[in-house]
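Basis for what follows: all heavy atoms, side chains included, without hydrogens, waters or symmetry-related copies.
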Amino acid sequence: MAGGIGSRFWPMSRNYYPKQFHDVLGMGKTMLQQTAERYATICPDENIYVVTNRDYYALVKKQLPMLSDEQILLEPVGRNTAPCVAYAAAKIYSRNPNANLIVAPSDHVILKEEEFRNVIRRGLEATAAKDILMTLGIRPSRPDTGYGYIQFNDGVGDLRKVKTFTEKPHLELAKKFIESGEFVWNSGIFLWSAKSVLAAIEKLLPELHEIFEEGKDKWYTEDEKAFINSAYAQCKNISIDYGIMEKSENVYVMLSEFGWSDLGTWKSLYDISDKDSKGNVLDGNIMIYDTTNSIVKTTSKDKLIVVHGLDNFIIAESDDVIMICPKDEEQRVKDFVADAKAAKDKRFM
């Protein structure tokens, strides 16, 4: 899934160049490229499908040149993750009714990749053998209010039946979740067979099922694009979590630890990045003085950023925007984006 805008990573993430197409971690590869490579020993290149906005076709093609056009699924407009999953699952099912699927966001960080692959292999064995819908749950290290939480039933082993989902609880509730030992973070990475997820969509989102059922003769043909344009005009905006996972009876979670971050915010990038002796994360042409616990990032090679006398700040420069914000107030980034949009200057979006 590579269609999001990533507005909380503004100004680096823009409508025309979202964060999944950037080398956010300074590793020489974009987040999309790292995501694809993560599955190299699990899934052959010809079985990788990228669902993205049609405006990002050229970016996907450039960064993943091994993909054919048939493997790049272009949405005319974003309708959240349920239509995205329905589109991909229906198309893949038409070619292979026994397909086993991994649904992964393109902008997550996995630090322990071999352990991640071990978890994926165990999960695929389970979804190939049983009619279940699986999500990967991350053992929490802190009461984070920015993540969704999954409560699981008692049992033996890492694969547990899901009891409840809770989206972004307040701090006191998150603390209780951690203390109980019954909750994990919802990674947003899903495993299921194409048959199982399509059956769940048919049962719980019948209108969505009917929309894509009409296209079963269009997949892998020159008529697919026109059909998708029409289909998405009819799709409601709904997430796969709300539409399917929270309502299904056969939902399981694999308890996992593989150095995961959804990298949704500047603070999350700061938290996982290497820091200097003063607690700073620096990326770009930067001179820094008497500054501590801050993240300074620039995408411009021909600009010098000089910082003096700050503590606990975000300083982000990209193209024609510089943002300076206290790290503890990064939730204001969405306000900044909204205000820039209200100013009707598309250069800054």
Side-chain angles (χ1 to χ4, degrees), residues 2 4-38 56 59-60 62-64 105-113 116 141-142 144 146 258-337 340 347-349:
I5 295 172
S7 59
R8 290 181 295 172
F9 248 101
W10 187 81
M12 185 184 71
S13 188
R14 307 284 191 96
N15 289 349
Y16 60 86
Y17 211 108
K19 68 174 178 176
Q20 61 267 26
F21 302 110
H22 286 269
D23 178 13
V24 175
L25 299 177
M27 298 178 64
K29 295 176 182 176
T30 68
M31 302 199 76
L32 176 65
Q33 290 170 325
Q34 291 179 57
T35 302
E37 290 185 5
R38 194 167 293 140
Y56 307 144
L59 288 170
V60 174
K62 180 180 180 180
Q63 295 189 9
L64 299 178
S106 59
D107 57 355
H108 287 188
V109 172
I110 307 293
L111 298 178
K112 303 176 184 177
E113 295 213 339
F116 172 76
S141 57
R142 61 188 182 277
D144 198 303
F258 41 72
W260 169 88
S261 171
D262 74 348
L263 211 62
T265 64
W266 284 106
K267 186 176 183 299
S268 63
L269 176 59
Y270 174 85
D271 289 340
I272 69 165
S273 297
D274 293 334
K275 301 168 182 64
D276 66 13
S277 60
K278 299 293 182 63
N280 296 307
V281 174
L282 309 176
D283 185 6
N285 195 13
I286 298 162
M287 295 170 59
I288 198 160
Y289 304 89
D290 298 326
T291 293
T292 54
N293 306 313
S294 297
I295 178 168
V296 187
K297 185 174 178 67
T298 173
T299 60
S300 302
K301 300 185 184 300
D302 57 350
K303 294 179 184 177
L304 172 66
I305 293 184
V306 182
V307 183
H308 173 71
L310 293 181
D311 176 62
N312 209 38
F313 264 74
I314 301 164
I315 303 169
E317 182 277 340
S318 182
D319 295 335
D320 46 12
V321 177
I322 300 173
M323 183 190 72
I324 303 169
C325 174
K327 192 146 51 71
D328 291 339
E329 296 182 29
E330 69 166 356
Q331 71 276 5
R332 293 293 308 279
V333 172
K334 283 197 169 184
D335 297 334
F336 305 155
V337 173
R347 290 178 302 157
F348 306 135
M349 304 307 296

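- Residues that satisfy the side-chain contact (heavy atoms from CB on, under 4.5 Å) test with Asp283, not counting sequence neighbours, are Lys297.
- A donor-acceptor pair is defined here as one N or O able to donate and one able to accept, closer than 3.5 Å; such a pair exists between the side chain of Asn280 and the backbone of Thr291.
- Partners of His22 according to the side-chain contact (heavy atoms from CB on, under 4.5 Å) rule, which considers only residues two or more places apart in sequence or in another chain, are Met12, Tyr17, Val24.
- Counting only heavy atoms from C-beta outward, the side chains of Ile315 and Leu310 approach each other to under 4.5 Å.
- From Arg332, atom CZ reaches atom CE of Met323 across 11.5 Å, with rounding to the nearest 0.5 Å.
- For the atom pair CE of Met31 and CG of Asp23, the computed distance is 9.5 Å after rounding to the nearest 0.5 Å.
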Please lay out, stage by stage, how Ser7 and Lys334 fare under the test side chain to side chain contact (heavy atoms under 4.5 Å, CB included).
CA-CA 7 Å; Ser7 59; Lys334 283 197 169 184; 4.2 Å; yes

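- From His308, atom NE2 reaches atom CE of Met287 across 12.0 Å, with rounding to the nearest 0.5 Å.
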Walk me through it: do Val306 and Tyr289 pass the test side chain to side chain contact (heavy atoms under 4.5 Å, CB included)?
CA-CA 8 Å; Val306 182; Tyr289 304 89; 3.9 Å; yes

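- By the neighbour-count criterion of 12 heavy atoms within 6.0 Å, atom CG of Leu111 is densely surrounded, having more than that number from other residues, nucleotides or ligands.
- The two residues Pro18 and Gly4 make their nearest non-hydrogen contact at CB-O, 3.3 Å.
- Residues passing the ring pair (Phe, Tyr, Trp, His ring centres under 6.0 Å) test with Tyr270: none are found, sequence neighbours excluded.
- Shown here are the side-chain contact (heavy atoms from CB on, under 4.5 Å) partners of Lys303, two or more places apart in sequence or in another chain: Ser300, Glu317.
- For Trp266, the ring pair (Phe, Tyr, Trp, His ring centres under 6.0 Å) partners at least two apart in sequence or on another chain are Phe9.
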Evaluate Gln34 against Leu25 for side chain to side chain contact (heavy atoms under 4.5 Å, CB included), listing each step before the verdict.
CA-CA 10 Å; Gln34 291 179 57; Leu25 299 177; 4.2 Å; yes

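- The two residues Glu329 and Cys325 make their nearest non-hydrogen contact at O-SG, 3.6 Å.
- Counting all heavy atoms, side chain and backbone alike, Arg8 lies closest to Val333 at O-CG1, 3.7 Å.
- Between Asp276 and Lys278, the shortest heavy-atom distance links the atoms OD1-N, 2.9 Å.
- Every residue two or more places apart in sequence or in another chain was checked for a ring pair (Phe, Tyr, Trp, His ring centres under 6.0 Å) with Phe313, and none qualifies.
- Applying the 6.0 Å contact sphere to CG of Asp274 captures no more than 12 heavy atoms from other residues, nucleotides or ligands.
- For Asp144, the salt bridge (Lys or Arg N to Asp or Glu O under 4.0 Å) partners are Arg142, not counting sequence neighbours.
- For Asp311, the side chain to side chain donor-acceptor pair (under 3.5 Å) partners at least two apart in sequence or on another chain are Thr292, Asn293.
- For Glu113, the side chain to side chain donor-acceptor pair (under 3.5 Å) partners are Arg38, not counting sequence neighbours.
- One distance of note links CD1 of Ile305 with CD1 of Ile286; it measures 5.5 Å at 0.5 Å rounding.
- Under the 4.0 Å criterion applied to side-chain N and carboxylate O atoms, Lys327 and Asp271 are not assigned as salt-bridge partners.
- Residues satisfying the side-chain contact (heavy atoms from CB on, under 4.5 Å) test with Ser261, not counting sequence neighbours, are Val109, Tyr147, Leu263, Ser268, Ile272.
- Two residues are said to be in side-chain contact when any heavy atoms from C-beta on lie closer than 4.5 Å; Thr35 and Thr30 fail this criterion.
- Counting non-hydrogen atoms of other residues, nucleotides and ligands closer than 6.0 Å to NZ of Lys267 gives a total of 12 or fewer.
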Take Asp320 and Arg14 through the side chain to side chain contact (heavy atoms under 4.5 Å, CB included) test and state the conclusion after the steps.
CA-CA 11 Å; Asp320 46 12; Arg14 307 284 191 96; 3.0 Å; yes

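- Listed by chain and residue number, Tyr16 satisfy the side chain to side chain donor-acceptor pair (under 3.5 Å) test with Asp319 (two or more places apart in sequence, or in another chain).
- Between the side chain of Ser106 and the main chain of Gln20, no donor-acceptor pair closer than 3.5 Å is present.
- Ring geometry, Phe336 versus Trp10: the interplanar angle falls from 30° to 60°, so the pair is classed tilted.
- Partners of Lys112 under the side chain to side chain donor-acceptor pair (under 3.5 Å) rule, at least two apart in sequence or in another chain, do not exist in this structure.
- Judged by distance alone, with hydrogens and angles left aside, the side-chain atoms of Ser294 form a donor-acceptor pair with the main-chain N or O of Asn312 at under 3.5 Å.
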